[in-house]
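Indexing begins at 1, ligand by ligand and atom by atom, following the structure's order. Note that the coordinates shown come from a computational prediction; the quantities given were computed from them, not determined experimentally.
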Amino acid sequence: MATTQLEVVDDEAALARAAADIVSDIVAANPDAVVVPATGETPLGLYAELTARRDTGGFDPSRLTIVQLDDYLGLDPGDRRSLFGWMQRALLAPLGITDGRVRRLPADGDPDAVASFDRELAQAGIDLAILGIGENGHLGFNEPPAAADSDTRIVDLTPETIAANARYWGRAEDVPARAITLGLRQILASRRILLLASGAKKHGIVRRALEGPVGQDVPASFLREAGAEVTVIVDRAAWDG
Ligand code: F6R
């Protein structure tokens, strides 16, 4: 059963530093780690902090394998909304991680390709998953209701997620309605999980995930039953509201 540690820090800058300390320690102990990084706004400070540490010799990402967490479906190559593109801009390019070290989700969601992706991932195992939380409790794009043993799959995004993600792309009409996500089974099997949340808008869902009933209506609540060592870092606004 998981050990869940909660760290409440002052603000987003402190969150980025605290998360970077943990990621740096994990990578120093295991330079060949398999890492799943969320996109979205919450981990941007962490990725900037890791880049700064790499530049001063305090963090070496050169041997990591990066596994994509989720993406929208049905986008043309080069579409500005691609989450793979987001990951490249926020993390891969700044850290100098080359395409050969990245395992990309099958962009067309082909079932055979998805099944073999999961098989290969299960063999390697995920050493570290860096996650954000949706305002509806999703992890990756595991939208509620999501079973703890759900595999990597295509999902329809909920109206809540489409509304929340409109802030990235302009209008709700610009948010693709379908996506592919690593399953909760794959995420929860990670050896270490880092969940990050910042801002008052995450307050309600953070409390529900950590203190409410564990169940499919709040996928992030399953972190409390994961086999992994789970660290939750939240800023004061997310914790106190
Ligand atoms: C993104 C992802 C999502 C986000 C979540 C929070 O790859 O998987 O689960 O982590 O929606 O997004 P932000 O951080 O933008 O609030």
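Among all protein heavy atoms, the one lying closest to atom 11 (O) of ligand 1 is His138 NE2, 2.7 Å. Of all protein heavy atoms, the one lying nearest to atom 14 (O) of ligand 1 is Thr42 OG1, 2.4 Å. Looking only at heavy atoms of the protein, atom 16 (O) of ligand 1 is closest to Lys202 NZ, 2.7 Å. Protein heavy atom closest to atom 6 (C) of ligand 1, with residue, atom name and distance, is Ile133 O, 3.4 Å. Of the protein's non-hydrogen atoms, the one nearest atom 2 (C) of ligand 1 is Asp70 OD2, 3.2 Å. Ranking the protein heavy atoms by distance from atom 9 (O) of ligand 1 puts Gly140 O, 2.8 Å first.
Cation-pi geometry between Arg81 and Tyr168 is not met at under 6.0 angstrom from the ring centre and within 45 degrees of the axis.
Under 4.0 angstrom from ligand 1, the non-hydrogen atoms of Thr39 come from both its backbone and its side chain.
Counting heavy atoms from C-beta outward, Val36 and Ile130 have side chains that stay 4.5 Å or more apart.
Partner of Leu131 under the side chain to side chain contact (heavy atoms under 4.5 Å, CB included) criterion, chosen from Ile187, Val230, Leu196: Ile187. Of the candidates Asp156, Leu182, Ile180, Leu83, Phe141 forms a side chain to side chain contact (heavy atoms under 4.5 Å, CB included) with just one, namely Leu83. No option in Thr181, Asn142, Asp118 other than Asp118 meets the side chain to side chain donor-acceptor pair (under 3.5 Å) test with Thr152.
Close approach of ligand 1 to Arg167 (heavy-atom distance below 4.0 Å) involves ligand atoms 13 (P), 15 (O), 16 (O). Atoms of ligand 1 found under 4.0 Å from any heavy atom of Gly132 (numbered from 1 in listed order, with element): 10 (O).
Considering both main-chain and side-chain atoms, Leu69 never comes within under 3.5 Å of ligand 1 through any nitrogen or oxygen pair. At under 3.5 Å, a nitrogen or oxygen of Tyr168, whether backbone or side chain, sits near a nitrogen or oxygen of ligand 1.
Applying the 6.0 Å contact sphere to CZ of Arg208 captures no more than 12 heavy atoms from other residues, nucleotides or ligands.
For residues 192-201, every residue pair satisfying the salt bridge (charged side-chain N to carboxylate O under 4.0 Å, His left out) rule, not counting sequence neighbours, is listed here: Arg192-Glu229. Pairs engaging residues 60-72 under the side-chain hydrogen bond (donor to acceptor under 3.5 Å, both in side chains) rule: Asp32-Arg63, Asp60-Ser62, Gln68-Asp71, Tyr72-Asn165, Tyr72-Trp169 [sequence neighbours left out].
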